[in-house]
Number of protein chains: 2
Amino acid sequence: MPDEVRGDQREVRFERVSPVRAYERIVEQVEEAIFTGQLRPGQHLPSERDLMIQFGVGRSSVREALRVLQSNGMVRSRPGDPRGPEVLAPSTEPLLQSMTRLARTDALSLGELVQFRMVLESTANLLAARLRTDEHLTELAAALAAMRASAERGTPECGPTGFSRAEAAFRDAVTRASGNALLRVCAAVVRDVVATLLADSPAGADDQRALARAALHHHTAVFEAIRAGDGDTAARLARRGLHEHYARHLPPEQRPMLLPLLDHRPTAGEAPDGDATGA
Amino acid sequence: MPDEVRGDQREVRFERVSPVRAYERIVEQVEEAIFTGQLRPGQHLPSERDLMIQFGVGRSSVREALRVLQSNGMVRSRPGDPRGPEVLAPSTEPLLQSMTRLARTDALSLGELVQFRMVLESTANLLAARLRTDEHLTELAAALAAMRASAERGTPECGPTGFSRAEAAFRDAVTRASGNALLRVCAAVVRDVVATLLADSPAGADDQRALARAALHHHTAVFEAIRAGDGDTAARLARRGLHEHYARHLPPEQRPMLLPLLDHRPTAGEAPDGDATGA
DNA sequence: CCGGCCTACTGGTCAGACCAGTTCGTCGGA
DNA sequence: TCCGACGAACTGGTCTGACCAGTAGGCCGG
């Protein structure tokens with residue numbers, strides 16, 4: 001046996017060992033139970049004191065494991081609940097959090113985020129146009145009507161009370177119609193991150209009414225394209241709309257990076273009217 | 001004042017209150033310090049016992065906070081390190097983990113993942129073709145050469161020793177040339193998740209040599225398109241390549257969802273030769 | 001029948017202790 | 001002079017035991 005090891009010694013790569021901590025093994029076991037379906041959302045884990053006995057560790061280890069699981073969105077502890085920690089349904093919240101963290105540590109620039117949004121939302125529009133069912137259309141029309149109502153009623157607050165709420169519903173309906181949950185999640189996350197970043201710094205108190213009208217016009221066009229099944233147009237509208245809306249919020253040196261996606265002509269001979277993209 | 005509240009009572013929405021736990025406020029403060037740059041990667045937090053004094057809480061609260069921060073990839077604790085917990089550089093690891101968890105809980109299907117990869121990698125190719133510098137080209141050529149060498153030398157293991165390593169380097173170089181870190185990260189993450197899912201179940205012991213040759217051929221074509229600055233071709237190659245490679249791994253009912261992206265002709269009149277996409 | 005109380009839990013937090021491990025200064029020997 | 005071994009002074013990891021506030025649900029009295 002030792003000979004075998006010794007003969008291959010040059011090839012043997014010893015990996016860096018790291019002590020396995022007790023709470024980590026608890027996390028592994030609980031995660032595995034959730035992944036394999038032994039623990040389903042809505043079910044409850046034993047109480048901390050029971051887990052402590054089952055795993056044969058102290059309560060601190062159990063608690064640290066539960067903290068990790070909780071921060072990963074897998075369980076939730078409520079004081080006083082005699083049923084114990086609850087197993088949660090899979091949520092996109094952790095995804096949003098980790099992406100937001102990346103963006104907030106300047107690992108991501110606003111330009112990259114907007115560029116990414118152009119990709120995601122144009123794709124969502126494209127897929128929605130080709131795959132939408134009548135139910136999706138109904139939903140979209142309802143969201144559009146809500147937007148229109150809110151826009152005409154005036155925007156009492158820039159908060160999530162009125163227009164932007166309806167707008168979010170419309171966008172969510174589009175991404176749902178695309179049939180790709182990952183696309184939907186990522187689009188929502190990136191949208192959220194962009195909103196967070198912009199809410200932090202400029203807070204441009206622009207004319208809310210005019211913005212709402214422009215957005216309404218844009219979404220109406222998108223709706224028509226989706227209804228007509230014209231995926232190329234729907235995709236192009238998303239790219240153009242995002243560029244028009246966000247280009248001025250970008251630092252000048254980041255603006256050119258949006259262009260390669262913009263002038264990506266889906267159908268030759270139908271060039272976007274060039275001046276519309278100029279600053 | 002009460003009148004104001006009482007008058008709007010129908011509109012007042014009371015939010016669900018949740019007790020703020022001690023460790024949560026610690027997490028908040030440390031995160032804030034990292035986001036604002038007061039704590040930079042490589043720096044160290046005070047020891048747990050010092051933090052316990054500074055925050056005025058017990059050591060368990062400090063430890064639970066550190067566990068959460070650690071599971072979010074923001075700090076790392078090493079036993080015995082007299083400098084205390086280290087602040088880590090932003091990493092995409094948490095993003096990968098949360099997405100992997102979503103995929104493993106069946107919240108995401110393989111079809112959605114592959115479809116998303118088609119979007120991400122085709123966009124990466126498109127951007128790379130338009131924005132690549134000469135340095136990027138050199139890097140790509142080197143990775144391609146490494147792939148060729150590994151493919152001809154034979155693949156001793158299907159592990160990350162040879163070909164797939166070089167292939168990963170090539171793909172990473174492409175996404176880096178695209179100039180969008182978020183795109184790069186998401187592409188890498190989704191690629192990783194897909195690999196994990198496929199490694200779990202089928203383990204199709206296909207002819208590694210043939211696969212490597214096909215991949216090499218594909219990447220060579222991508223490289224040529226990027227060098228030529230032909231973004232449309234590069235993008236189409238990515239979509240076609242992914243579809244050919246993964247369609248047979250999908251459950252039949254998920255295969256049609258890839259088509260809308262496939263026959264999305266970037267330039268009219270240049271239809272993909274239909275039979276190439278057939279099974 | 002219903003509302004309030006009481007018990008038996010729950011999780012949140014703290015204090016104190018021990019252990020294994022790391023770091024680093026010190027000291028003795030070569 | 002240099003260098004290795006030793007040990008003090010920490011570190012984080014874990015366990016124990018205790019207390020508190022809060023919840024759920026049964027019990028009892030109205």
Side-chain angles (χ1 to χ4, degrees), chain A residues 14-31 33-34 39 41-89, chain B residues 14-31 33-34 39 41-88 93:
Chain A
F14 291 114
E15 297 180 350
R16 205 174 157 73
V17 299
S18 59
V20 181
R21 276 146 299 187
Y23 81 89
E24 285 178 338
R25 269 178 295 164
I26 299 178
V27 169
E28 281 172 19
Q29 286 197 44
V30 176
E31 273 192 339
I34 293 178
L39 279 173
Q43 287 188 357
H44 290 259
L45 269 62
S47 74
E48 296 182 358
R49 290 170 176 85
D50 281 349
L51 289 173
M52 171 178 121
I53 298 172
Q54 291 190 31
F55 286 109
V57 296
R59 199 170 153 215
S60 9
S61 295
V62 169
R63 284 186 59 74
E64 289 180 22
L66 287 176
R67 284 287 88 78
V68 172
L69 289 168
Q70 184 164 21
S71 94
N72 292 340
M74 314 203 60
V75 306
R76 177 182 47 182
S77 290
R78 256 191 340 144
D81 190 337
R83 295 168 301 180
E86 180 185 3
V87 177
L88 297 180
Chain B
F14 291 113
E15 298 180 350
R16 206 177 156 71
V17 300
S18 61
V20 181
R21 277 147 299 188
Y23 81 89
E24 284 178 338
R25 269 179 294 165
I26 300 179
V27 169
E28 280 173 19
Q29 287 197 43
V30 176
E31 273 191 338
I34 293 178
L39 278 174
Q43 287 187 358
H44 289 260
L45 270 63
S47 73
E48 295 181 358
R49 290 170 177 85
D50 282 348
L51 289 173
M52 170 177 121
I53 298 173
Q54 291 190 31
F55 286 109
V57 297
R59 199 170 153 215
S60 12
S61 295
V62 170
R63 284 186 59 75
E64 289 179 22
L66 288 176
R67 286 286 88 80
V68 172
L69 290 168
Q70 185 164 21
S71 94
N72 291 340
M74 314 202 61
V75 306
R76 175 184 48 182
S77 289
R78 257 191 338 144
D81 190 338
R83 297 168 301 180
E86 180 186 2
V87 177
L88 297 179
E93 184 63 23

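Chain identifiers are assigned alphabetically (A, B, ...) following the order of the sequence lines, protein sequences preceding nucleic acid strands; residue numbering begins at 1 within each chain.
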Write down the atom of A:Gly42, the atom of A:Glu86, and the distance for their closest heavy-atom approach.
CA-OE2, 4.0 Å
B:Arg67 side chain, from C-beta outward: closest of D:dG13, D:dC15, C:dG11
D:dG13
Round to a whole Å and report the spacing from CZ of A:Arg63 to C1' of D:dG13.
16 Å
Tell me: NE2 of A:His44 to P of C:dC9, nearest whole Å?
18 Å
Using atom OH of B:Tyr23 as one end and atom P of C:dG11 as the other, report the distance to the nearest whole Å.
13 Å
Measure from the side chain of B:Arg78, starting at C-beta and using heavy atoms only, and say which of C:dT23, D:dG13, C:dG11 lies closest.
C:dT23
Taking NZ, NE, NH1 and NH2 as the nitrogens, is one of them in B:Glu28 or B:Arg25 under 4.0 Å from a carboxylate oxygen of the other?
no
B:Arg21 side chain: which of C:dG12, D:dT16, D:dG12 is closest?
C:dG12
Between B:Pro85 and B:Ser47, what is the shortest heavy-atom contact and its length?
CD-CA, 4.4 Å
Answer with base, sugar-phosphate or nothing: what part of the nucleic acid does A:Pro85 contact at a heavy-atom distance below 4.0 Å?
sugar-phosphate
Starting at atom CZ of A:Arg25, determine the distance to atom P of D:dG13, rounded to an integer number of angstrom.
14 Å
Could you tell me how far apart B:Glu86 (CD) and D:dG12 (C1') are, to the nearest whole angstrom?
15 Å
What is the distance, rounded to the nearest whole Å, between atom CZ of B:Arg49 and atom C1' of C:dC19?
11 Å
Contact nearer the 5' end of DNA chain C, comparing A:Arg83 with B:Arg59:
A:Arg83
Rounded to the nearest Å, what distance is computed from the CG atom of residue A:Asp81 to the P atom of nucleotide D:dA24?
7 Å
Taken to the nearest whole Å, CZ/B:Arg76 to P/D:dG12 is 13 Å
Indicate, with a heavy-atom threshold strictly under 4.0 Å, whether A:Gly80 touches base, sugar-phosphate, or nothing.
base
The nucleotide from C:dG11, D:dT14, D:dG12 with an atom nearest the side chain of A:Glu48 is C:dG11
Over all heavy atoms of both residues, which pair between B:Tyr23 and B:Ala65 is shortest? Give the atoms and the distance, please.
O-CB, 3.6 Å
Less than 4.0 angstrom from a charged side-chain N to a carboxylate O is my criterion; do A:Arg63 and B:Glu64 meet it?
yes
Nucleotide nearest B:Pro82 when distance is taken to its side chain, options D:dT14, C:dT13, C:dT23:
C:dT23
Starting from the 5' end of DNA chain D, give me the residue, A:Ser60 or B:Gly84, whose nearest nucleotide shows up first.
B:Gly84
Which is true for A:Ser61 with a 4.0 Å heavy-atom rule: it touches a base, it touches only sugar-phosphate, or it touches nothing?
sugar-phosphate
Remember a base hit wins even if backbone is also touched, and classify B:Ser47 as base, sugar-phosphate or nothing at under 4.0 Å, heavy atoms.
sugar-phosphate
